[in-house]
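I have placed the structure first, in the form of structure tokens, so that the comments after it can refer back to it.
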Amino acid sequence: MAEEKKSLNLEIKPEIAKGSYSNLAVISHSHSEFIIDFAQIMPGFPKPEINQRIILAPEHAKRLLMALQDNIVKYENQNGPIKVEQKMTAQFPLDFNSKGTKS
């Protein structure tokens with residue numbers, strides 16, 4: 001029996017379609033969810049600005065990981081290896097309070 005392919009008919013609002021740039025992602029988790037904060041670090045600005053927060057169930061976080069791995073393999077097959085700096089530690093203290101001041 002042939003497998004049936006399912007497709008989603010997705011709609012995207014124009015304000016979402018334009019996207020937002022991120023060069024920093026901070027990931028945290030609890031027992032029931034993964035939280036990914038996307039931010040921009042810009043030269044001359046004192047603090048990175050979080051522009052998106054995505055909250056995922058653990059199963060969906062793992063599916064996202066697998067989808068990213070699959071897409072990275074496809075990208076590298078077409079464009080060559082993506083070079084990544086080995087040391088991936090924050091070079092500044094991260095403080096996530098809602099008022100933007102240190103607690």
Side-chain angles (χ1 to χ4, degrees):
M1 180 179 271
E3 282 189 34
E4 212 179 293
K5 279 201 168 187
K6 295 181 181 181
S7 65
L8 292 175
N9 185 10
L10 300 173
E11 186 174 325
I12 187 166
K13 296 177 183 177
E15 62 271 15
I16 300 296
K18 69 179 180 177
S20 59
Y21 177 75
S22 173
N23 57 8
L24 171 69
V26 178
I27 303 170
S28 57
H29 68 278
S30 69
H31 176 71
S32 59
E33 60 198 15
F34 280 76
I35 300 166
I36 309 172
D37 287 323
F38 293 96
Q40 293 181 8
I41 299 175
M42 302 301 284
F45 287 85
K47 291 179 137 181
E49 180 179 318
I50 295 173
N51 52 31
Q52 293 290 324
R53 172 172 277 183
I54 306 297
I55 303 169
L56 302 161
E59 178 184 354
H60 294 135
K62 191 154 192 178
R63 288 178 187 266
L64 175 61
L65 171 66
M66 293 177 348
L68 282 170
Q69 286 176 329
D70 179 56
N71 277 272
I72 288 171
V73 166
K74 289 174 183 174
Y75 176 93
E76 289 184 327
N77 286 340
Q78 289 180 340
N79 302 291
I82 300 169
K83 296 179 183 172
V84 178
E85 188 177 317
Q86 291 298 314
K87 187 176 180 182
M88 295 183 60
T89 57
Q91 300 297 315
F92 49 87
L94 298 175
D95 180 21
F96 292 102
N97 58 46
S98 59
K99 294 184 182 176
T101 58
K102 295 230 178 229
S103 5

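Here the structure is a predicted model, which means the values were calculated and not measured. Residue numbers start at 1 and run along the sequence shown. The analysis underlying the following values was restricted to heavy atoms, covering all of them including side chains, and did not include hydrogens, waters or symmetry mates.
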Exercise for the section: Applying ring-ring contact (aromatic ring centres under 6.0 Å, His included), name anything that partners F34, two or more places apart in sequence or on another chain. Expected result: H29
Cut-off 3.5 Å, no hydrogens considered: what does the side-chain donor-acceptor table look like for residues 11-19, sequence neighbours left out?
none

Handout entry: Which residues share a side chain to side chain contact (heavy atoms under 4.5 Å, CB included) with S32, sequence neighbours left out
Key = S30
Handout entry: Cluster overlap L56 with V26, hydrophobic side-chain contacts below 4.5 Å
Key = no
Handout entry: L64 vs I54 side-chain heavy atoms within contact, under 4.5 Å
Key = no
Exercise for the section: For E59, check side-chain hydrogen bond (donor to acceptor under 3.5 Å, both in side chains) against everything at least two apart and list the hits. Expected result: R63
Practice task
For A57, check side chain to side chain contact (heavy atoms under 4.5 Å, CB included) against everything at least two apart and list the hits.
Solution key: H60
Exercise for the section: Kindly say whether N51 contributes a backbone atom to a donor-acceptor pair with the side chain of Q40 at under 3.5 angstrom? Expected result: no
Handout entry: Set of residues satisfying side-chain hydrogen bond (donor to acceptor under 3.5 Å, both in side chains) with respect to D70, sequence neighbours excluded
Key = K74
Problem - Listed partners of E49 passing side chain to side chain contact (heavy atoms under 4.5 Å, CB included), at least two apart - result: none
Problem - Donor-acceptor under 3.5 Å (S22 side chain, A39 main chain) - result: yes
Completion exercise
Hits for side chain to side chain contact (heavy atoms under 4.5 Å, CB included) against S28, two or more places apart or cross-chain, chain-then-number order -> I35
Distance-only check: which donor-acceptor pairs under 3.5 Å involve side-chain atoms of residues 76-84, not counting sequence neighbours?
{"residue": "E76", "atom": "OE2", "partner": "I82", "partner atom": "N", "Å": "2.8"}
{"residue": "N77", "atom": "ND2", "partner": "V73", "partner atom": "O", "Å": "3.3"}
{"residue": "N79", "atom": "ND2", "partner": "Y75", "partner atom": "O", "Å": "3.1"}

Practice task
Give me the other members of the hydrophobic cluster that F45 sits in, counting Ile, Leu, Val, Met, Phe, Trp and Tyr linked by side-chain heavy atoms under 4.5 Å, directly or via other members.
Solution key: M42
